[in-house]
Amino acid sequence: MPELPEVETVVLILDEQIKGHQLLDHSVYWDKTIVNHQELLALHGQKVMRVSRRGKYILWQMETSNIVIHLRMEGKFYKLEKNAARNKHSHVIFHFDDFDLAFNDTRKFGRIEVSHDLDHYFSHKLGFEPWDEHLTKEYLRDKAKSRKVHLKTFLLDQSVIAGIGNIYADEICFKLKLSPFTRVHHIPLYKWEECIESTRQVLAEAIASGGTTVRSYTASLGITGRFQLQIHVYGRANQPCHTCNTALIKSVVGQRSTVYCPKCQKRI
DNA sequence: AAACGGTCCTGTAAGC
DNA sequence: TGCTTACAGGACCGTT
Ligand SMILES: [Zn+2]
(Lines give C-alpha, C1' and ligand atoms only; values in the text may rest on other atoms or scores of the structure.)
Protein backbone atom coordinates (compact mmCIF):
# COMPACT_ATOMS: atom_id res chain seq x y z
CA MET A 1 0.00 0.00 0.00
CA PRO A 2 1.16 3.50 -0.64
CA GLU A 3 3.14 5.17 2.12
CA LEU A 4 5.10 8.42 1.96
CA PRO A 5 7.68 7.24 -0.62
CA GLU A 6 5.00 5.85 -2.94
CA VAL A 7 2.90 8.99 -2.58
CA GLU A 8 5.97 11.13 -3.26
CA THR A 9 6.61 9.23 -6.48
CA VAL A 10 2.98 9.54 -7.60
CA VAL A 11 3.07 13.26 -6.80
CA LEU A 12 6.17 13.86 -8.92
CA ILE A 13 4.60 12.07 -11.86
CA LEU A 14 1.20 13.74 -11.45
CA ASP A 15 2.79 17.17 -11.20
CA GLU A 16 4.51 16.57 -14.50
CA GLN A 17 1.38 15.16 -16.12
CA ILE A 18 -1.44 17.46 -14.97
CA LYS A 19 0.10 20.77 -13.84
CA GLY A 20 -1.19 23.59 -15.98
CA HIS A 21 -4.08 21.53 -17.29
CA GLN A 22 -7.68 22.60 -16.89
CA LEU A 23 -10.16 20.42 -15.02
CA LEU A 24 -13.31 20.59 -17.11
CA ASP A 25 -15.53 18.35 -14.97
CA HIS A 26 -15.63 14.94 -13.34
CA SER A 27 -17.76 11.79 -13.17
CA VAL A 28 -18.52 9.93 -9.95
CA TYR A 29 -19.31 6.20 -9.82
CA TRP A 30 -18.96 5.67 -6.04
CA ASP A 31 -20.35 8.54 -3.95
CA LYS A 32 -18.33 7.98 -0.79
CA THR A 33 -15.04 8.47 -2.61
CA ILE A 34 -15.86 12.18 -2.77
CA VAL A 35 -16.26 13.80 0.65
CA ASN A 36 -17.74 17.15 -0.42
CA HIS A 37 -19.31 17.00 -3.86
CA GLN A 38 -20.51 20.62 -4.11
CA GLU A 39 -17.08 22.04 -3.37
CA LEU A 40 -15.51 19.87 -6.05
CA LEU A 41 -18.11 20.89 -8.63
CA ALA A 42 -17.21 24.51 -7.88
CA LEU A 43 -13.65 23.91 -9.11
CA HIS A 44 -14.63 22.99 -12.67
CA GLY A 45 -12.84 25.20 -15.16
CA GLN A 46 -9.82 25.76 -12.93
CA LYS A 47 -6.23 24.83 -13.72
CA VAL A 48 -4.03 22.66 -11.53
CA MET A 49 -1.34 25.05 -10.31
CA ARG A 50 0.82 22.46 -8.56
CA VAL A 51 0.74 18.90 -7.21
CA SER A 52 2.42 18.31 -3.85
CA ARG A 53 2.40 16.07 -0.79
CA ARG A 54 1.77 16.29 2.94
CA GLY A 55 2.18 12.99 4.81
CA LYS A 56 0.41 10.42 2.67
CA TYR A 57 -1.99 13.02 1.23
CA ILE A 58 -1.75 14.22 -2.37
CA LEU A 59 -2.53 17.91 -2.83
CA TRP A 60 -3.73 19.51 -6.05
CA GLN A 61 -3.42 23.24 -5.66
CA MET A 62 -6.20 24.69 -7.79
CA GLU A 63 -6.77 28.38 -8.52
CA THR A 64 -9.05 29.08 -5.55
CA SER A 65 -8.81 25.96 -3.36
CA ASN A 66 -7.16 22.55 -2.96
CA ILE A 67 -8.14 19.01 -3.85
CA VAL A 68 -6.85 16.62 -1.18
CA ILE A 69 -6.54 12.95 -2.10
CA HIS A 70 -5.73 9.97 0.11
CA LEU A 71 -5.01 6.69 -1.72
CA ARG A 72 -5.45 4.55 1.44
CA MET A 73 -4.81 0.90 0.50
CA GLU A 74 -5.07 0.65 -3.23
CA GLY A 75 -6.01 3.98 -4.77
CA LYS A 76 -4.19 4.72 -7.98
CA PHE A 77 -4.39 7.04 -10.97
CA TYR A 78 -4.60 6.07 -14.61
CA LYS A 79 -4.20 8.55 -17.39
CA LEU A 80 -6.58 7.74 -20.23
CA GLU A 81 -7.46 8.90 -23.68
CA LYS A 82 -10.58 11.04 -23.59
CA ASN A 83 -13.75 8.91 -23.45
CA ALA A 84 -11.83 5.65 -23.01
CA ALA A 85 -13.82 2.75 -21.55
CA ARG A 86 -14.22 2.85 -17.76
CA ASN A 87 -12.57 0.19 -15.63
CA LYS A 88 -15.05 -1.25 -13.09
CA HIS A 89 -12.85 -0.03 -10.22
CA SER A 90 -12.62 3.54 -11.48
CA HIS A 91 -14.83 5.43 -9.03
CA VAL A 92 -14.03 8.95 -10.15
CA ILE A 93 -12.91 10.17 -13.55
CA PHE A 94 -11.49 13.67 -13.90
CA HIS A 95 -12.01 15.11 -17.36
CA PHE A 96 -9.12 17.42 -18.22
CA ASP A 97 -8.72 19.57 -21.32
CA ASP A 98 -7.04 16.88 -23.40
CA PHE A 99 -7.06 13.65 -21.38
CA ASP A 100 -9.02 11.82 -18.68
CA LEU A 101 -7.57 10.84 -15.31
CA ALA A 102 -9.22 7.89 -13.56
CA PHE A 103 -9.09 7.33 -9.81
CA ASN A 104 -9.05 3.55 -9.52
CA ASP A 105 -9.58 1.96 -6.11
CA THR A 106 -10.65 -1.68 -5.71
CA ARG A 107 -11.22 -1.43 -1.95
CA LYS A 108 -13.07 1.90 -2.09
CA PHE A 109 -11.15 3.23 0.91
CA GLY A 110 -9.57 6.16 -0.90
CA ARG A 111 -10.96 9.66 -0.37
CA ILE A 112 -11.05 12.90 -2.34
CA GLU A 113 -11.89 16.11 -0.52
CA VAL A 114 -11.78 19.84 -1.21
CA SER A 115 -10.13 21.97 1.47
CA HIS A 116 -9.80 25.75 1.43
CA ASP A 117 -7.52 25.84 4.48
CA LEU A 118 -4.85 23.16 4.48
CA ASP A 119 -3.15 24.33 7.67
CA HIS A 120 -6.42 23.93 9.51
CA TYR A 121 -7.25 20.70 7.69
CA PHE A 122 -4.01 19.05 8.73
CA SER A 123 -3.43 20.70 12.10
CA HIS A 124 -5.02 17.92 14.14
CA LYS A 125 -4.23 15.09 11.76
CA LEU A 126 -0.54 15.32 10.99
CA GLY A 127 2.71 15.78 12.88
CA PHE A 128 5.98 16.91 11.31
CA GLU A 129 7.26 15.75 7.96
CA PRO A 130 10.26 13.42 8.36
CA TRP A 131 12.67 16.09 7.08
CA ASP A 132 11.15 19.00 9.01
CA GLU A 133 13.84 20.70 11.08
CA HIS A 134 11.35 20.82 13.97
CA LEU A 135 11.44 17.03 14.15
CA THR A 136 13.94 16.59 16.99
CA LYS A 137 14.75 13.94 19.55
CA GLU A 138 13.27 16.20 22.25
CA TYR A 139 9.98 16.47 20.34
CA LEU A 140 9.70 12.68 20.05
CA ARG A 141 10.73 12.11 23.66
CA ASP A 142 8.13 14.63 24.86
CA LYS A 143 5.40 13.10 22.68
CA ALA A 144 6.32 9.64 23.96
CA LYS A 145 6.70 10.27 27.65
CA SER A 146 2.98 10.24 28.39
CA ARG A 147 2.27 7.37 26.03
CA LYS A 148 2.32 3.67 26.87
CA VAL A 149 1.90 2.40 23.33
CA HIS A 150 4.31 0.15 21.48
CA LEU A 151 6.99 1.73 19.28
CA LYS A 152 5.34 0.48 16.11
CA THR A 153 1.98 2.00 17.06
CA PHE A 154 3.76 5.28 17.81
CA LEU A 155 5.48 5.27 14.42
CA LEU A 156 2.14 4.64 12.70
CA ASP A 157 0.54 7.59 14.52
CA GLN A 158 0.33 10.25 11.79
CA SER A 159 0.08 13.02 14.37
CA VAL A 160 3.63 12.25 15.55
CA ILE A 161 5.52 11.89 12.25
CA ALA A 162 3.52 12.11 9.02
CA GLY A 163 3.82 9.45 6.34
CA ILE A 164 4.95 6.18 7.94
CA GLY A 165 2.83 3.10 7.21
CA ASN A 166 2.97 -0.59 8.03
CA ILE A 167 5.86 -1.53 5.72
CA TYR A 168 8.26 1.19 6.72
CA ALA A 169 7.32 1.06 10.41
CA ASP A 170 8.67 -2.49 10.48
CA GLU A 171 11.74 -1.47 8.49
CA ILE A 172 12.46 1.47 10.79
CA CYS A 173 12.21 -0.73 13.90
CA PHE A 174 14.66 -3.16 12.27
CA LYS A 175 17.15 -0.44 11.39
CA LEU A 176 16.81 0.97 14.92
CA LYS A 177 17.44 -2.51 16.37
CA LEU A 178 14.42 -2.08 18.63
CA SER A 179 11.51 -4.46 19.04
CA PRO A 180 8.25 -3.08 17.67
CA PHE A 181 6.82 -3.99 21.10
CA THR A 182 9.08 -1.54 22.96
CA ARG A 183 7.01 0.79 25.14
CA VAL A 184 7.77 4.30 23.94
CA HIS A 185 8.02 5.92 27.37
CA HIS A 186 10.98 3.61 28.09
CA ILE A 187 13.00 4.81 25.10
CA PRO A 188 15.92 7.12 26.06
CA LEU A 189 16.59 10.49 24.42
CA TYR A 190 19.62 9.39 22.38
CA LYS A 191 17.58 6.58 20.85
CA TRP A 192 15.04 9.11 19.52
CA GLU A 193 17.86 10.76 17.59
CA GLU A 194 18.62 7.38 16.05
CA CYS A 195 14.93 6.99 15.33
CA ILE A 196 14.90 10.18 13.28
CA GLU A 197 18.01 9.07 11.38
CA SER A 198 16.58 5.60 10.71
CA THR A 199 13.27 7.03 9.57
CA ARG A 200 14.95 9.42 7.16
CA GLN A 201 17.27 6.72 5.81
CA VAL A 202 14.51 4.16 5.25
CA LEU A 203 12.19 6.66 3.57
CA ALA A 204 14.93 8.29 1.49
CA GLU A 205 16.06 4.89 0.22
CA ALA A 206 12.49 4.04 -0.70
CA ILE A 207 11.95 7.36 -2.48
CA ALA A 208 15.20 6.88 -4.39
CA SER A 209 13.92 3.59 -5.76
CA GLY A 210 10.55 5.05 -6.62
CA GLY A 211 8.61 3.45 -3.77
CA THR A 212 8.41 -0.22 -2.89
CA THR A 213 4.97 -0.92 -4.25
CA VAL A 214 4.68 1.96 -6.62
CA ARG A 215 5.14 0.15 -9.90
CA SER A 216 1.46 -0.65 -10.19
CA TYR A 217 0.51 2.93 -9.49
CA THR A 218 2.71 4.43 -12.10
CA ALA A 219 2.88 1.98 -14.96
CA SER A 220 0.01 3.71 -16.68
CA LEU A 221 1.61 7.10 -16.08
CA GLY A 222 4.72 6.17 -17.96
CA ILE A 223 7.13 4.86 -15.33
CA THR A 224 8.40 1.33 -15.74
CA GLY A 225 11.45 -0.71 -14.93
CA ARG A 226 11.92 0.36 -11.33
CA PHE A 227 13.75 -2.07 -9.10
CA GLN A 228 12.08 -3.32 -5.97
CA LEU A 229 13.42 -1.81 -2.78
CA GLN A 230 15.47 -4.04 -0.51
CA ILE A 231 13.02 -4.95 2.23
CA HIS A 232 14.56 -6.46 5.37
CA VAL A 233 11.58 -7.60 7.44
CA TYR A 234 8.14 -6.68 6.08
CA GLY A 235 6.51 -9.75 4.52
CA ARG A 236 9.52 -11.96 5.35
CA ALA A 237 8.08 -14.00 8.25
CA ASN A 238 10.04 -17.22 8.91
CA GLN A 239 12.79 -16.17 6.52
CA PRO A 240 16.35 -15.56 7.78
CA CYS A 241 17.31 -12.17 9.20
CA HIS A 242 19.61 -10.33 6.80
CA THR A 243 21.90 -9.52 9.73
CA CYS A 244 22.04 -12.67 11.88
CA ASN A 245 20.18 -15.41 9.96
CA THR A 246 17.69 -15.97 12.79
CA ALA A 247 14.18 -16.77 11.53
CA LEU A 248 12.04 -13.62 11.55
CA ILE A 249 8.90 -13.70 13.67
CA LYS A 250 5.42 -12.68 12.54
CA SER A 251 3.20 -11.08 15.15
CA VAL A 252 0.49 -8.47 15.55
CA VAL A 253 0.84 -4.95 16.91
CA GLY A 254 -2.24 -2.75 17.05
CA GLN A 255 -4.16 -5.11 14.75
CA ARG A 256 -1.44 -4.85 12.10
CA SER A 257 0.79 -7.66 10.92
CA THR A 258 4.34 -7.14 12.11
CA VAL A 259 7.60 -8.91 11.34
CA TYR A 260 10.80 -8.55 13.33
CA CYS A 261 14.05 -10.31 14.31
CA PRO A 262 13.87 -11.63 17.89
CA LYS A 263 17.67 -11.53 18.18
CA CYS A 264 18.59 -8.17 16.63
CA GLN A 265 15.57 -6.24 17.89
CA LYS A 266 15.43 -6.03 21.67
CA ARG A 267 12.90 -4.39 23.95
CA ILE A 268 14.12 -1.69 26.28
C1' DA B 1 -5.79 12.47 27.70
C1' DA B 2 -4.80 8.25 25.83
C1' DA B 3 -6.08 3.62 24.41
C1' DC B 4 -9.09 0.52 22.33
C1' DG B 5 -12.20 -1.67 19.13
C1' DG B 6 -15.31 -1.33 15.36
C1' DT B 7 -16.02 0.34 10.64
C1' DC B 8 -15.34 0.86 5.83
C1' DC B 9 -14.41 -2.57 1.39
C1' DT B 10 -13.22 -6.43 -1.91
C1' DG B 11 -9.76 -9.58 -3.90
C1' DT B 12 -7.18 -13.44 -2.63
C1' DA B 13 -6.20 -17.62 -0.41
C1' DA B 14 -7.07 -21.15 2.75
C1' DG B 15 -10.14 -24.78 4.37
C1' DC B 16 -13.78 -28.22 4.25
C1' DT C 1 -14.96 -28.67 -7.59
C1' DG C 2 -17.39 -25.13 -5.32
C1' DC C 3 -18.65 -22.79 -1.55
C1' DT C 4 -17.65 -20.27 2.78
C1' DT C 5 -14.63 -17.92 5.80
C1' DA C 6 -10.55 -15.38 7.25
C1' DC C 7 -7.47 -11.89 6.26
C1' DA C 8 -5.15 -7.67 4.56
C1' DG C 9 -5.08 -2.39 6.50
C1' DG C 10 -5.12 3.81 7.06
C1' DA C 11 -7.84 6.79 9.02
C1' DC C 12 -11.66 7.93 11.77
C1' DC C 13 -14.97 7.79 15.50
C1' DG C 14 -17.37 6.53 19.61
C1' DT C 15 -16.56 4.41 24.01
C1' DT C 16 -13.84 3.15 27.98
ZN1 LIG D 1 18.68 -10.62 13.30
Side-chain angles (χ1 to χ4, degrees), chain A residues 1-8 10-11 28-36 53-59 67-77 86-92 102-115 118 120-130 139-173 180-187 199 203 206 211-214 216-217 231 233-238 250-260:
Chain A
M1 50 277 149
E3 303 185 25
L4 186 150
E6 289 77 17
V7 174
E8 179 71 18
V10 171
V11 161
V28 181
Y29 301 92
W30 185 258
D31 272 0
K32 294 176 78 170
T33 302
I34 307 282
V35 175
N36 43 4
R53 180 192 61 74
R54 175 81 170 91
K56 300 175 206 169
Y57 293 82
I58 296 167
L59 313 174
I67 299 176
V68 181
I69 298 150
H70 200 300
L71 303 174
R72 294 284 182 96
M73 309 304 168
E74 303 189 7
K76 41 187 86 76
F77 285 106
R86 186 183 82 92
N87 178 288
K88 70 169 181 173
H89 295 303
S90 291
H91 305 310
V92 178
F103 181 70
N104 189 290
D105 182 17
T106 44
R107 305 279 284 279
K108 298 180 176 173
F109 277 11
R111 290 295 179 266
I112 297 171
E113 182 170 5
V114 173
S115 171
L118 293 179
H120 181 257
Y121 182 81
F122 288 126
S123 62
H124 297 295
K125 296 180 197 280
L126 299 182
F128 293 125
E129 289 291 313
Y139 164 80
L140 290 177
R141 190 262 322 266
D142 291 347
K143 278 261 183 186
K145 67 184 176 191
S146 59
R147 306 278 303 270
K148 295 185 169 67
V149 290
H150 297 124
L151 173 59
K152 177 162 179 182
T153 302
F154 191 72
L155 291 172
L156 290 173
D157 184 341
Q158 301 300 301
S159 72
V160 178
I161 302 174
I164 301 170
N166 203 37
I167 298 173
Y168 298 119
D170 277 7
E171 297 300 315
I172 291 165
C173 289
F181 291 97
T182 308
R183 298 286 177 182
V184 289
H185 61 283
H186 291 149
I187 297 177
T199 298
L203 295 179
T212 310
T213 59
V214 84
S216 60
Y217 299 102
I231 287 288
V233 282
Y234 179 84
R236 295 192 64 247
N238 304 316
K250 184 184 174 79
S251 187
V252 175
V253 179
Q255 292 148 294
R256 286 178 180 85
S257 70
T258 298
V259 181
Y260 67 101

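Numbers restart at 1 for each chain; the letters A, B, ... are given by sequence-line order, proteins then strands.
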For this session: Name the nucleic acid region contacted by T153(A), choosing base, sugar-phosphate or nothing; use a 4.0 angstrom heavy-atom cut-off, strictly under.
Result: nothing

For this session: Could you grab the distance from atom CD of E129(A) to atom CD1 of I161(A), nearest 0.5 Å is fine?
Result: 10.5 Å

Problem set entry | Side-chain (H91(A)) to main-chain (D105(A)) donor-acceptor, under 3.5 angstrom | yes

For this session: Find which nucleotide of DNA chain C each of F109(A) and K125(A) is nearest to by heavy atoms, and output the residue with the more 5' nucleotide.
Result: F109(A)

Problem set entry | Segment of DNA chain C, first to last nucleotide, that comes within the 4.0 Å heavy-atom reach of chain A | dA8(C) to dC12(C)

Exercise. Starting at the 5' end of DNA chain B and moving along, which residue's nearest nucleotide shows up first, Q255(A) or K143(A)?
Worked result: K143(A)

Exercise. Checking K32(A) side chain against W30(A) main chain: does a donor-acceptor pair fall under 3.5 Å?
Worked result: no

Exercise. What are the two closest heavy atoms between N166(A) and E3(A), and how far apart are they?
Worked result: N-OE2, 3.3 Å

Problem set entry | N-O pairing of D157(A) and R147(A) below 4.0 Å | yes

For this session: Report which part of the nucleic acid R256(A) touches: base, sugar-phosphate, or nothing (heavy-atom distance under 4.0 Å, all strands).
Result: base

Problem set entry | chain A footprint on DNA chain B, 5' to 3' - any atom under 4.0 Å from a heavy atom | dA2(B) to dG11(B)

For this session: Would you give the length of the straight line joining atom CG of L156(A) to atom CD1 of I164(A), rounded to the nearest 0.5 angstrom?
Result: 7.5 Å

For this session: Look at all strands and tell whether F154(A) reaches a base, only sugar-phosphate, or nothing, counting heavy atoms closer than 4.0 Å.
Result: nothing

Seminar exercise, completed: Between D170(A) and S257(A) the two heavy atoms that sit nearest each other are OD2-O, 4.1 Å

For this session: Scan side-chain atoms only and decide if E113(A) and Y57(A) contain a donor-acceptor pair under the 3.5 Å cut-off.
Result: no

